[in-house]
Amino acid sequence: MEALGDFVWPRATSELILLPVTGLECVGDRLLAGEGPDLLVYNLDFGGHLRMVKRVQNLLGHFLIHGFRVRPEPKGDLDSEAMVAVFGSKGLRIVKISWGQSHLRELWRSGLWNMSDWIWDVRWLEGNVALALGHNSVVLYDPVIGCMLQDVPCTDRCTLSSACLIGDTWKELTIVAGAVSNQLLVWYPATALTDNKPVAPDRRVSGHVGVIFSMSYLESKGLLATASEDRSVRIWKVGDLRVPGGRVQNIGHCFGHSARVWQVKLLENYLISAGEDCVCLVWSHEGEILQAFRGHQGRGIRAIAAHERQAWVITGGDDSGIRLWHLVGRGYQGLGVSALCFKSPSRPGALKAVTLAGSWRVLAVTDAGALYLYDMEVKCWEQLLEDNRFQSYSLLEAAPGPEGFGLCALANGEGLVKVVPINTPTAAVDQNLFSGKVHSLSWALRGYEELLLLASGPGGVVACLEISAAPTGKAIFVKERCRYLLPPSKQRWHTCSAFLPPGDFLVCGDRRGSVLLFPARPSLFKSPGVGSKAITEAEAPAAGGGSGASENVATGLGPVSALHSLHGKQGVTSVTCHGGYVYSTGRDGSYYQLFVHGGQLQPVLRQKSCRGMNWIAGLRMVPDGSMVILGFHANEFIVWSPRSHEKLHIVNCGGGHRSWAFSDTEAAMAFAYLKDGDVMLYRALGGCTRPNVILREGLHGREITCVKRVGTVTLGPEFEVPSLELPDYLEPGSEGPGLIDIVLTCSEDTTVCVLALPTTTGSAHALTAVCNHISSVRALAVWGIGSPGGPQDPRPGLTAQVVSAGGRAEMHCFSLMVTPDASAPSRLACHVMHLSSHRLDEYWGRQRNRHRMVKVDPETRYMSLAICEFDSDKPGYGPLVAAACSDGAVRLFLLQDSGRILHLLAETFHHKRCVLKVHSFTHEAPNQRRRLILCSAATDGTLAFWDLTTAMDRGSTTLGSPAHPGLPYQLGSPCLTVQAHSCGVNSLHTLPTPEGHHLVASGSEDGSLHVFILAVKMPEAQEADGEAEQLVPQLCVLEEYSVPCAHAAHVTGLKILSPSLMVSASIDQRLTFWRLGRGEPTFMNSTVYHVPDVADMDCWPVSPEFGHRCALGGQGLEVYNWYD
Amino acid sequence: MGRTSKDKRDVYYRLAKENGWRARSAFKLLQLDEEFQLFQGVKRVVDLCAAPGSWSQVLSQKVGGQTNGQVVAVDLQAMAPLPGVIQIQGDITQLSTAKEIIQHFEGCPADLVVCDGAPDVTGLHDVDEYMQAQLLLAALNIATHVLKLGGCFVAKIFRGRDVTLLYSQLRVFFSSVLCAKPKSSRNSSIEAFAVCQGYDPPEGFIPDLTRPLLDHSYDSDFNQLDGPTRVIVPFVTCGDLSAYDSDRSYPLNLEDGSEYKYTPPTQPPISPPYQEACRLKKNGQLAKELLPQECSINRVDKLPQPLIVPQCHTLLAPKVGDTGRNSSPLTH
Ligand SMILES: C[S@@+](CC[C@H](N)C(=O)[O-])C[C@H]1O[C@@H](n2cnc3c(N)ncnc32)[C@H](O)[C@@H]1O
């Protein structure tokens, strides 16, 4: 070991961990949270802020924290300091923390004690701790000096799935053990006659039909609660468990979770449970559900804690999020539903429609043509007007705005529209618009200046009325401004409208699911370039059979831009403009973020919506700047927050098919609907938001499958990145200009996430999620990285193009722009624009002669992507994307028009097995053409190399013609194949060497590494053969090495950092450095990291001072850093 | 997704159904045997963690038919009966189950002990890896009681962070320890099989059922945690070259020309733990939270007055200035 120093360099240290939160505990007004081996402390007191105050690093070495036990202080002063036993897996450590005056310090820590077996529970017994261990034994341990005092097994030796220790002294110590056989065993370790002598169980309790995952004992009431794999929680009356032989009686069997229940906790008056269904339930001790908290993503809630004095519940999820909920939640908030008692002899007729003008005025119209007002302050019905022309059919819509502008509109079956000022109904104005039924009415409001009413008549004609008021407010003016014409369809009417800021355009949605753009003032509108689009007769077939004479009136102005059938046959339900985007919602259960550029509606980004909400009815911006989604799920109306994934309001209204209205002001949110001939009103004070808090945002709900760094954004000093932690935590060297790495992750949860990782704070900010995929996303590729102002303008920020691909043979292409934004917590704004998408089975579906072809399997998964960029001398010829496919193919897609067109160009089934990896690189040599080489690798351990430059040459013979026109080309045979491993290749990387060769390294499922030098030789040009013969390079292997047992599991991350240094990462949780260039690769050092199931790794140099960074993605995310 | 989509994504799942195996795992044992001739000269076998029983099916075909052949199958779960297979229902980590198994081999040791045990994974990787290791160690403990000298032990392992500790443990008892992965096990799966041949316990070793065999811990003197001296055993891929690739999606009509026909699953699970919860859910009988309006619909006159809104409210939901509620609309 003489060259020790040499072996140690470089050393990776962990900078950031995002893992499932498996331990949470409240101590006074602090919250302790376990994240990997680190302890996070949050302040929960009202005076201060809800924020993280300290990270106590590396308490448990390579173990993960599963729990905390705070030593009870007889003098009861936990507000200034506390002794905390931190445990997880087989590790235990005690830390003493002082937290007086909001300054948190670690005073002392014990050694890290390694137990022989898993620790299920820890209990302080005065100065010592008792531990319940994995095979049903109890140990008494001195945690200060780290020695075992007693070790007592149970006669019933078996593995446990949970345990609970009760009692404050060794003498009275009681263990309730949950055995794998689903039984509870109660026994008393102190009854052992001698040390090590097994003790027989005092009681065995059966009941659950699945493993018990968690237990909680409430001494004051003699209750025990258990949570199980069988999806139920049981409440047991046990009395004082410390007394042997007592009766155990099951007093409650609670089924409420739809998956396994991971956690249970008994409080004085409540029981909280949480599980795999990501729901936290609050029960009474009698087994009624009082609250349900939904919001975590992924595989469930792993930890719960309660702050009884404040009545808070805190949950930690598999998504690494931490949330705080109000135990009595809606108590004061929702006022519930009230019936407004419309029915009365003095009010004849049945209600037809209801609307809300602001959140305290309800309007309703009857089949007698009477319009009524209900004012919640006065609490009585008042008739505004009666007009028998509105008897059989009447639409009713109140104008938008906090008070509905004091206006509403009615429309009937004969083309009549009536605009009614609510306060002076006698000043109502009638307009006869059509000779047939008015199908729909909608309003559009621009600031407080311009108010339009749109009415759809027969034949897809939409009349646009301008509404204005006299300064006295006593009279209103209604003037028809223009007419629009909708694209033809069977149900040809519009459904919603909004001004597009600054106000030159109107965005409309129609019943056919299309989103349309119309000029708001056609008289001023000069169509740029494109000929004026006033629709001619040919384009507007007389769908409504409009009267021929008034043809000129019946036709109108067509849309200047349209996204046809975006929301499918059920129609668009709302359009909203906010923050430079247009949002549309639809009955297809989706909502989209759109963008208007150059007068055109741009490709869309699909947004994630609430599970099960298959009818999205609208979207609102709430005062705190976030957005809420309105929709229906079966019989319920739901207000859902996409930011917190929380159902903010649930109203059991019977579904969206009856007349309803929603209004949201800061003071209150209101939802009115018709039911049983009456108006029902749900109101909640304080608007839509609920006071639940996200202490920490979650990341992906499922495994991360790919990590890709895009680039770095440098922020000037004016963008000082807020530090989450007190200055004393900041590491030296972390000041200076703010460097923020932009990293993409994709996951089995079907999303792609854009993350910002500042180098200064050790924190991560999720900037945006892309939710267009319908199945898991497995691979990402990035190209065209630039700056927002183009190459000439060194504006800070970053732009890039991204391709993502995954299950169901689906691929999406989008562009990314990250710019500084001082107002955002991350100091960055991120804009994503969807460019194109591709699905193999759709592609197949479009082929004419498909009956003669083998159907492409829609179950094909894309496993990996590589971008192959050609020389810039081929204009319009975008890069190729190579995809490794599970059906045994390597496919090449061509991206054109900066990613707006994506199509399948060529494929090969050379591998005949699932292709796991693709990687591309270029070969450059003096006086030679730059050559693009693709390497693919499959589950049989072979690597194949393809010369793409030759293949793509015009008239090349390498690219075989397709069997049928329209099918992809065939990519011939590879230039070279190498049998590198005995089984699947899970990582692949290359680096050019100074000698003009290429280092190729691969890592496999069998734990082996394979490294070789690849030479690309060009044959001498032979004049005799003429020009027809192409020069095809020859690939050969010069030096080849294998390291068989480099890792104990799949090598899923590999990067050659320099010709002499390589780093590898594996599912065995080791990050290992290898020395290259002196024959066999040699082991330098390795670091144990915390993320299980790592699927991908990316490494990049940050700056000379900062060194390298490396991100590992698997069941969580971890970032390492080392100095070069 | 139709019922055939799993058939497309998982060729072994489909082949298992078509060949009457209770689970696709049958192919794993067959491919392990192909490589290691596990069944050669074997008459007495223990199949630990056997349900639903595809390994027992293989064993009963290959071993059970012989005279003096004996297969003892053990699982937590109930298992449909199989000819020539003795079944025990119980937890293999539990002392009483272990004793019951050993009784069957008193005086006539087993030639082979196999264990395909896997816990119901919780998704918490460290817990799952630990639970898996305990199954392997419990199986090893049983093997030390029933296995003949020179006998063979095959057990499923999860190749996670601490798998090297299991290797070092197994090396104590067997002259050869390999890590094998049958082709029917997916690339994406961390499962593999420890194939331990030549049972040869250390001198003076006395099997003891009453103490569990615990995992080894990293020897800090040798820097086994992150040093180069971790015990990593050789890796062998099993199954011949023509074997189907379990990661590949195959078209329904396979190349061998056989016509595809949907086959229903062979053996659905017997009374899974979630049965009752699913029944209740199906009948809409799961407990539900009480929505405010369900308590009782208020008449207007009884509309409750709001309680005083606690101060915390503003702290958590920042107040935004009143946006012109009182400004008069639309002046001409
Ligand atoms: C992958 S299945 C085995 C499949 C089986 N080899 C076959 O071919 O059909 C794993 C089995 O391990 C069983 N198991 C898990 N923990 C156990 C325990 N502690 N004791 C006994 N069986 C257990 C489970 O019940 C499950 O049936």
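A note on names: the letters A, B, ... follow the listed sequences, proteins ahead of strands, and every chain is numbered from 1. In this text, all values refer to a predicted model and were calculated from it rather than measured experimentally.
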If you round to the nearest 0.5 Å, how far is [atom2] of [Y] from [atom1] of [X]?
X: A/H208; Y: B/E276; atom1: NE2; atom2: CD; value: 13.0 Å
X: A/S886; Y: B/N187; atom1: OG; atom2: CG; value: 12.0 Å
X: B/R248; Y: A/T860; atom1: CZ; atom2: OG1; value: 9.0 Å
X: B/F235; Y: A/C983; atom1: CZ; atom2: SG; value: 4.0 Å
X: B/C179; Y: A/D1006; atom1: SG; atom2: CG; value: 9.0 Å
X: B/Y250; Y: A/C914; atom1: OH; atom2: SG; value: 9.5 Å

Between [options], which shows the greatest number of heavy-atom pairs under 4.5 Å with chain A?
options: B/V233, B/L214, B/V231; value: B/L214
options: B/T97, B/L124, B/I190; value: B/L124
options: B/T122, B/L286, B/D120; value: B/T122
options: B/D162, B/L95, B/V163, B/L76; value: B/L95
options: B/G160, B/G123, B/A138, B/A192; value: B/G123

At a 4.5 Å cut-off on heavy atoms, which part of [X] comes close to chain B: side chain, backbone, both, or neither?
X: A/L916; value: side chain
X: A/S161; value: both
X: A/N182; value: neither
X: A/S232; value: neither
X: A/A1046; value: backbone
X: A/D318; value: side chain
X: A/P1044; value: neither

Measure distances from B/P119 to the heavy atoms of chain A and classify the residue's part below 4.5 Å as side chain, backbone, both or neither.
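For B/P119, neither part sits under 4.5 Å from chain A.
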Heavy-atom proximity to chain A below 4.5 Å, by part of B/T164
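The answer is the side chain of B/T164.
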Which atom names give the shortest non-hydrogen contact between A/D230 and B/P273, and what distance separates them?
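The pair with the smallest heavy-atom distance is CB-O, 3.2 Å.
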Of all heavy-atom pairs between A/G134 and B/Y130, which one has the smallest distance, and what is that distance?
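That would be CA-OH, 3.4 Å.
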Pick from [options]: which one has the most heavy-atom pairs with chain B under 4.5 Å?
options: A/E276, A/H257, A/R861; result: A/R861
options: A/R231, A/E1005, A/Q1069; result: A/E1005
options: A/H66, A/R302, A/R299, A/E229; result: A/R302
options: A/A1048, A/G88, A/G300; result: A/A1048

Any side-chain donor near an acceptor of the partner, B/D126 and A/S89, under 3.5 Å:
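Result is no, nothing qualifies.
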May I ask you to decide if [Y]'s main-chain N or O and [X]'s side chain share a donor-acceptor pair within less than 3.5 Å?
X: A/R157; Y: B/L209; value: yes
X: A/R913; Y: B/S246; value: no
X: B/T93; Y: A/T159; value: yes

Applying side chain to side chain contact (heavy atoms under 4.5 Å, CB included), run through B/F158 and A/I1067 and close with a yes or a no.
CA-CA 10 Å; B/F158 282 176; A/I1067 290 179; over 6 Å; no
A/N114 side chain near B/S217 side chain, heavy-atom distance below 4.5 Å:
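Side chain of A/N114 against side chain of B/S217, heavy atoms only: no contact under 4.5 Å found.
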Check step by step if side chain to side chain contact (heavy atoms under 4.5 Å, CB included) holds for B/R161 and A/R1070.
CA-CA 8 Å; B/R161 194 190 66 196; A/R1070 277 18 177 230; 3.4 Å; yes
Exactly one of B/D247, B/D245, B/T237 should register a side chain to side chain donor-acceptor pair (under 3.5 Å) with A/T939. Which one does?
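Answer to the side chain to side chain donor-acceptor pair (under 3.5 Å) test with A/T939 among B/D247, B/D245, B/T237: B/D245.
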